[in-house]
Amino acid sequence: MAKKPVNSDANGEDQDLTNDLALALETDQFFLVYQPTIDLQTDAFAGVEALIRWRHPDHGVVNPLTFIAGLEASGQIIPVGRWALNTACAQGAVWHAKGYRFAVSVNISYMQLDRAEFADDVAAALSSSRFDPALLVLEFSQRTLTRDAETTLRQLAPLVALGVRLAVDDFAPGDSPLADLERFPIDIVKLDKGFIAGITNAEVAAQIHNLVQRARTMKVQIFASGIEDEEQVKRLQLEEVDIGQGFFFSTPHEAVEIDRFLEDFAIFSGKPL
Ligand code: C2E
Ligand code: MG
């Protein structure tokens, strides 16, 4: 009989999925892919974002949007998130040892941030890998940061003390203004890909222009996600957006393929890495 597809209900609660996910962690079915990020002003390679994948025995490679809610509903996001952090730092240290000095970003669930031990997990990932804290970026959703500002500030303080950088992910100015984030020690604002898709619209372009100006006074970098064509790159460069990522530059790849990407990038762009 065919197994039912990997998916959780609205609350992410599904006992079969929970059991499958527990087995997945035990039997190394999770792996990370890495998507390059590019400095839009210099065309240099800026870093990678680590993105989790699940090599499911029946369904093949499964996308995180179908199982992150399941991991959160069962609390398994804690060990799986810790595994992702450790794996990304270890891989970052390997690239660093090869002479590539670039940032590695890791997505963090609100449940991880809410644990008192989260900063200890980050410190352990850094010390066991010897990865430079200044090269690690932790990404939090806008919602995670703005749930309860006082709590968030207390939670972020030990991360800042470790010397890692913090990013707000999937930022959409329609949801809340950039000023709402001003009180948090954020280094990077990642604009949502839905927003970047609309950049040919004059109103959206003006919004991006204003965001960049505001970001300059806040001393945060503006990052454009989901760049899919050259026209978007040109417009983002015109608005002086700092960093970009998207299928136009590269889809996510396993680490060994990123090594090849780095070699080709150095040859074709003539840019130092
Ligand atoms: P995200 O952090 O916003 O990651 C970017 C997503 O956009 C990735 O999807 C990436 O493959 C996709 N993407 C990149 N460039 C383009 C583009 O040009 N066009 C389009 N249409 N899509 C693009 P992915 O890998 O499926 O990840 C989905 C989400 O799952 C991530 O969104 C993140 O929120 C979450 N996620 C992934 N890995 C982890 C993890 O290790 N831990 C946690 N807590 N969440 C994760
Ligand atoms: Mg992200």
Side-chain angles (χ1 to χ4, degrees), residues 6-8 12 21 24-25 29-38 40 46-55 60-92 103-115 118 121-122 125 136-145 165-172 175 186-199 221 223-233 236 243-255 257-258 261:
V6 178
N7 220 333
S8 44
L21 287 168
L25 184 61
Q29 291 172 16
F30 293 117
F31 64 104
L32 294 182
V33 289
Y34 300 87
Q35 186 172 22
T37 62
I38 306 295
L40 292 176
V48 292
E49 176 175 4
L51 297 159
I52 195 166
R53 296 287 182 268
W54 177 11
R55 193 172 283 112
V61 174
V62 181
N63 186 286
L65 290 177
T66 64
F67 63 85
I68 294 285
L71 288 174
E72 288 175 339
S74 62
Q76 289 162 306
I77 191 72
I78 302 301
V80 174
R82 196 188 294 117
W83 167 85
L85 195 57
N86 284 327
T87 306
C89 286
Q91 181 58 53
V104 176
S105 297
V106 182
N107 292 283
I108 305 295
S109 160
Y110 73 96
M111 288 185 85
Q112 291 172 274
L113 183 65
D114 284 351
R115 277 178 72 248
F118 179 62
D121 287 352
V122 177
L136 178 63
V137 179
L138 303 178
E139 298 188 5
F140 302 96
S141 74
Q142 192 170 349
R143 166 97 188 101
T144 295
L145 296 180
R165 285 188 292 154
L166 307 178
V168 54
D169 209 359
D170 304 324
F171 178 78
D175 297 346
I186 283 167
D187 304 283
I188 302 162
V189 172
K190 298 187 73 171
L191 301 180
D192 186 64
K193 49 181 172 291
F195 190 56
I196 299 305
I199 195 172
Q221 282 190 311
F223 183 116
S225 311
I227 302 174
E228 293 188 350
D229 61 51
E230 198 163 9
E231 175 68 17
Q232 291 170 341
V233 177
L236 291 163
I243 314 275
Q245 172 192 44
F247 297 162
F248 175 72
F249 297 113
S250 172
T251 53
H253 292 286
E254 289 191 58
E257 295 165 71
I258 293 292
F261 182 94

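Both ligands and their constituent atoms are indexed starting at 1 by order of listing.
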S.K.: Compute the minimum heavy-atom distance from Q245 to ligand 1 and say whether it is under 4.0 Å.
M.R.: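 Distance cut 4.0 Å: Q245 fails for ligand 1.
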S.K.: What part of L65 sits under 4.0 Å from ligand 1 if we count only heavy atoms: the side chain, the backbone, both or neither?
M.R.: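 Contact part for L65 vs ligand 1: side chain (C-beta onward).
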S.K.: So which bit of I68 gets within less than 4.0 Å of ligand 1, heavy atoms only: side chain, backbone, both or neither?
M.R.: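 For I68, the contact with ligand 1 is made by the side chain alone.
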S.K.: Taking 4.0 angstrom as the limit and counting only heavy atoms of N63, give me the atoms of ligand 1 inside it, by number and element.
M.R.: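 Answer for ligand 1: 26 (O).
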S.K.: Can you sort out which atoms of ligand 1 are near E228, meaning under 4.0 Å from one of its heavy atoms?
M.R.: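 Within the 4.0 Å cut-off of E228, ligand 1 contributes 17 (C), 18 (O), 19 (N), 20 (C), 21 (N).
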S.K.: Which atoms of ligand 1 are found less than 4.0 Å from any heavy atom of P252?
M.R.: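 Per the distance check, 11 (O).
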S.K.: Measuring to protein heavy atoms, does anything land under 4.0 Å from atom 13 (N) of ligand 1?
M.R.: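 Flag for atom 13 (N) of ligand 1 set to true, protein heavy atom closer than 4.0 Å.
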S.K.: If the plane angle is over 60° it's perpendicular, under 30° parallel, otherwise tilted; pick one for W54 and F67.
M.R.: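 Plane angle over 60°, so perpendicular.
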S.K.: Any atoms of ligand 1 less than 4.0 Å from a non-hydrogen atom of E49? List them with their elements.
M.R.: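 Numbered from 1, ligand 1 contributes 1 (P), 2 (O), 4 (O).
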S.K.: Which one holds for D169 and ligand 1: side chain close, backbone close, both close, or neither close, with close meaning a heavy atom under 4.0 Å?
M.R.: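 The answer is the side chain of D169.
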S.K.: Taking only heavy atoms of P64, which atoms of ligand 1 are found under 4.0 Å from at least one of them?
M.R.: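 Counting atoms of ligand 1 from 1, those under 4.0 Å from P64 are 24 (P), 25 (O), 26 (O), 27 (O), 28 (C), 30 (O), 37 (C).
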S.K.: Do protein heavy atoms approach atom 9 (O) of ligand 1 to less than 4.0 Å?
M.R.: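 Not a single protein heavy atom is under 4.0 Å away.
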S.K.: Taking the Mg ion (ligand 2) as the vertex, measure the angle between atom OE2 in E49 and atom OD2 in D169; round to 10°.
M.R.: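 Reported to 10°, the angle equals 180°.
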S.K.: Touching ligand 1 at all, R53? Heavy atoms, strictly under 4.0 Å?
M.R.: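 It does, in that a heavy atom of R53 comes within the 4.0 Å cut-off of ligand 1.
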S.K.: Does any N or O in the side chain of T37 come within less than 3.5 Å of the main-chain N or O of Q245, such that one atom is a donor and the other an acceptor?
M.R.: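 Pair absent, no side-chain N/O of T37 close to backbone of Q245.
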S.K.: Can you check the angle at the Mg ion (ligand 2) formed by OE1 of E139 and OD1 of N107? Round it to the nearest 10°.
M.R.: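 Reported to 10°, the angle equals 80°.
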S.K.: Numbering the atoms of ligand 1 from 1, which are under 4.0 Å from a heavy atom of S109?
M.R.: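 What qualifies from ligand 1 is 44 (N).
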